[in-house]
Amino acid sequence: MELHELEMRAVYGRTLNELIDADPNVLCLEADLSKASGTNPEVFSKHPDNFVNVGVSEANMICIGAGLASEGKIPFCASFTCFASRRVYDQVTISVAYANNNVKIVGTAPGITAGPNGGTHMCFQDLAIMRAMPNMHVYSPCDVYELRSMMKNMVHSRQPTYMQLIRPKVDPVFNDDYQFQPGKVLSLRSGSDVTLVSTGYMTHFARQAADELDKKGVHVDHLHCPSVKPFDVETLVKSAKKTGAVVTVEAQNIIGGLGGAVCEVLSEHYPTRVKRLGIPDKFGEVATEEYLFNKHKFGVKHIINACEEFLKGK
Amino acid sequence: MNFNKKEFDRLAAEYRYVITDMICRAGSGHLGGALSLVETIITLYYRILNVDPENPKWEDRDRLIMSKGHAGPVLYVALAYNGFFPKSWLPTLNADGTRLPSHVDQNQTPGIDITAGSLGQGLSCACGVALASKMNNKKHRVFCIIGDGESNEGQIWEAALFAGHRKLDNLVAITDYNKLQIDGFTKDMLDLEPLVDKWRSFNWEVFEMDGHDWDDIYTTVNKAIAVNGKPAMIVAHTIKAKDCSVAENLPESHNIKVPNEQEYRKYIEALVNQEVDLPY
């Protein structure tokens with residue numbers, strides 16, 4: 001079975017096992033959501049001594065992780081995105097980032113992928129709040145190959161890191177040769193009409209939009225941005241100089257996340273018109289993906305529209 | 001250092017004088033909760049802890065985590081007096097560019113094991129440190145000092161559940177029970193009683209001690225270290241701002257303001273023992 005035939009969470013658990021095999025200091029920390037994260041039974045049964053389930057106490061998990069990291073362990077602490085970011089923001093700020101303890105925080109079911117758990121669980125601000133934290137790297141992988149390469153990089157980086165983790169199976173974007181590099185954008189398609197910047201889950205929909213636009217004769221410069229922080233200023237600015245128009249798309253509030261990062265970079269380095277697609281400063285709700293795309297206007301057809309609107313103005 | 005009551009009494013007086021001087025020079029600071037811990041910290045650093053000032057990160061050292069991170073000054077005096085850094089650093093408390101910040105910082109100060117300052121987090125960190133020690137089959141002990149006001153934080157009780165569940169018997173926690181927090185007496189703010197019963201019900205072995213009595217501290221800490229199969233909590237009955245008469249047992253002693261020479265003299269002259277030569 002090819003890796004991309006597995007769920008993302010299964011690859012998270014499987015990769016953690018590989019990392020523990022290579023370095024017993026790698027630990028899997030969970031707060032009663034280990035089945036949801038894909039580490040139970042995967043890691044729990046293979047490496048029970050490296051598996052620490054703290055129960056429903058996310059704040060405790062982050063600080064236990066900090067204590068373990070201060071002793072040279074490399075803990076991966078996972079929970080639903082809403083709990084792994086906003087619920088524990090102070091613990092992450094002080095015990096992880098400020099203290100510079102080498103903890104890896106994994107937010108599962110990010111953005112609209114929280115689906116039936118609805119508004120309480122749909123976290124649209126994790127990229128923004130984690131990005132605003134000194135010492136913190138912020139990643140959002142789009143497929144299993146990127147996830148695995150990213151985790152291998154994280155183990156060796158000694159860098160406090162926050163990573164989103166989509167749980168279900170997704171189409172492959174990359175293959176086994178992929179090498180993740182922090183602070184590097186990947187060009188998924190080269191074009192000169194409009195720059196399209198996406199991250200994580202939304203990269204799949206941005207690719208579809210770019211394909212359809214191509215058929216219409218619109219050539220998109222598609223940048224996939226797995227490392228929201230550090231951010232690849234050079235590649236973005238180069239693309240903006242080529243196209244003069246930038247559309248961003250993310251399953252996040254348009255305030256502060258990927259769109260925010262792009263606007264900050266461009267307004268300082270090369271002022272360019274930007275359209276941010278995502279959640280327009282609203283909370284989530286129990287709904288299908290299609291409903292949310294249409295309500296907040298950030299699905300494939302909306303990405304296409306936004307790119308075409310820019311071309312009309314050129 | 002061999003115990004000699006007269007010598008330790010003199011040392012405690014010197015610690016109180018230096019702590020008060022450091023905080024007054026800085027213009028403000030957390031006096032009360034530093035003075036309440038003087039005898040406990042001296043006993044730990046002179047009679048209990050296995051640490052090496054020449055190698056503060058020595059992997060087999062005992063760890064001490066000051067979860068009530070604002071008690072930095074008492075720890076800084078102990079670390080300086082034990083050779084972790086020069087005593088000349090002490091009067092730089094809170095000065096621009098200092099390595100001695102008001103709240104303890106593992107990246108700034110030799111001998112500080114865990115950064116703390118946002119209350120409730122240090123005991124969880126101590127659980128992680130103790131767990132790492134167990135995973136590595138190490139024999140060193142992990143000490144963690146928490147505040148009574150800090151015990152209002154829910155996270156303290158998450159850590160309490162975890163340590164009890166995991167039977168972290170290499171962890172000895174001490175509650176500095178001076179009965180005061182910033183806005184008043186703990187019994188009026190958010191009563192902790194019955195505190196001993198609470199910790200016991202979380203599956204900890206619990207002791208009480210007079211946190212200003214040398215023999216009681218030494219005996220109780222050793223009993224706590226000897227506990228098997230459970231973490232140990234020592235509820236230390238202490239007096240906030242002990243031996244500084246104008247601040248002792250007053251809520252205002254939590255963080256004093258010292259804007260001028262007159263206020264400086266007020267606190268220094270209120271110390272019980274005045275016969276101290278500052279070491280810097």
Side-chain angles (χ1 to χ4, degrees), chain A residues 20 23-32 43 47-77 79 83 87-105 133-135 158-160, chain B residues 56-67 69 101 103-109 112-138 140 142 144 146 153-166 168 170-171 202:
Chain A
I20 295 167
D23 181 355
N25 283 315
V26 175
L27 302 176
C28 172
L29 268 63
E30 292 282 355
D32 205 36
V43 183
H47 290 294
D49 293 342
N50 294 61
F51 182 91
V52 181
N53 198 331
V54 305
V56 191
S57 57
E58 296 83 5
N60 201 30
M61 172 173 69
I62 296 298
C63 293
I64 289 170
L68 287 162
S70 77
E71 296 289 325
K73 301 293 181 187
I74 307 169
F76 282 70
C77 305
S79 185
F83 308 132
R87 185 183 184 92
V88 295
Y89 196 61
D90 187 56
Q91 283 77 14
V92 176
T93 304
I94 300 304
S95 290
V96 177
Y98 178 74
N100 206 14
N101 283 317
N102 183 25
V103 179
K104 318 300 180 184
I105 298 153
M133 191 182 292
N135 281 356
R158 286 211 48 76
Q159 174 71 46
Chain B
K57 297 283 184 193
W58 173 41
E59 66 174 335
D60 291 326
R61 73 191 185 280
D62 290 334
R63 273 61 164 175
L64 188 142
I65 291 143
M66 185 62 84
S67 189
H103 296 78
V104 295
D105 187 326
Q106 68 192 67
N107 298 311
Q108 289 290 338
T109 315
I112 297 296
D113 290 317
I114 285 287
T115 294
S118 185
L119 294 177
Q121 298 185 22
L123 187 60
S124 298
C125 293
C127 287
V129 172
L131 188 59
S133 166
K134 291 253 180 202
M135 288 173 168
N136 294 337
N137 293 315
K138 293 286 187 180
H140 58 258
V142 179
C144 180
I146 66 172
E153 292 280 4
Q155 193 178 342
I156 288 291
W157 303 100
E158 293 184 3
L161 271 174
F162 180 84
H165 176 73
R166 285 264 170 175
L168 296 178
N170 53 348
L171 175 62
F202 279 73

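Each chain gets a letter, A, B and so on, in the order the sequences are listed, and its residues count up from 1.
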Part of Leu27(A) within contact of chain B (heavy atom distance under 4.5 Å): side chain
Which portion of Asn100(A) sits near chain B, non-hydrogen atoms under 4.5 angstrom: both
Stepwise side chain to side chain donor-acceptor pair (under 3.5 Å) check, Asn101(A) with Gln106(B): CA-CA 10 Å; Asn101(A) 283 317; Gln106(B) 68 192 67; 2.8 Å; yes
Proximity breakdown for Ile114(B) and chain A, heavy-atom pairs closer than 4.5 Å: side chain
Top contributor to chain B interface from Thr93(A), Val54(A), Ile94(A), Asp90(A) [non-hydrogen pairs under 4.5 Å]: Asp90(A)
For chain B, the option from Asp49(A), Val52(A), Val56(A) that forms the most heavy-atom pairs under 4.5 Å: Val52(A)
Heavy-atom pair of closest approach, residues Ser70(A) and Val129(B): OG-CG2, 3.7 Å
Nearest atoms (heavy-atom pairs only) where Gln155(B) meets Ala59(A): NE2-O, 3.3 Å
CD on Glu71(A) to SG on Cys125(B), rounded to 0.5 Å: 11.0 Å
Gap between atom CG of Asn60(A) and atom CD of Gln121(B) - 0.5 Å precision: 10.5 Å
Top contributor to chain A contacts, counting heavy-atom pairs under 4.5 Å, from [options]:
options                                    : result
Leu161(B), Leu123(B), Leu131(B), Ile65(B)  : Leu131(B)
Arg166(B), Glu158(B), Met135(B), Glu59(B)  : Glu158(B)
Cys127(B), Ser118(B), Ser133(B), Ala116(B) : Ser118(B)

From CA spacing to verdict: side chain to side chain donor-acceptor pair (under 3.5 Å), Asp105(B), Tyr98(A): CA-CA 9 Å; Asp105(B) 187 326; Tyr98(A) 178 74; 3.2 Å; yes
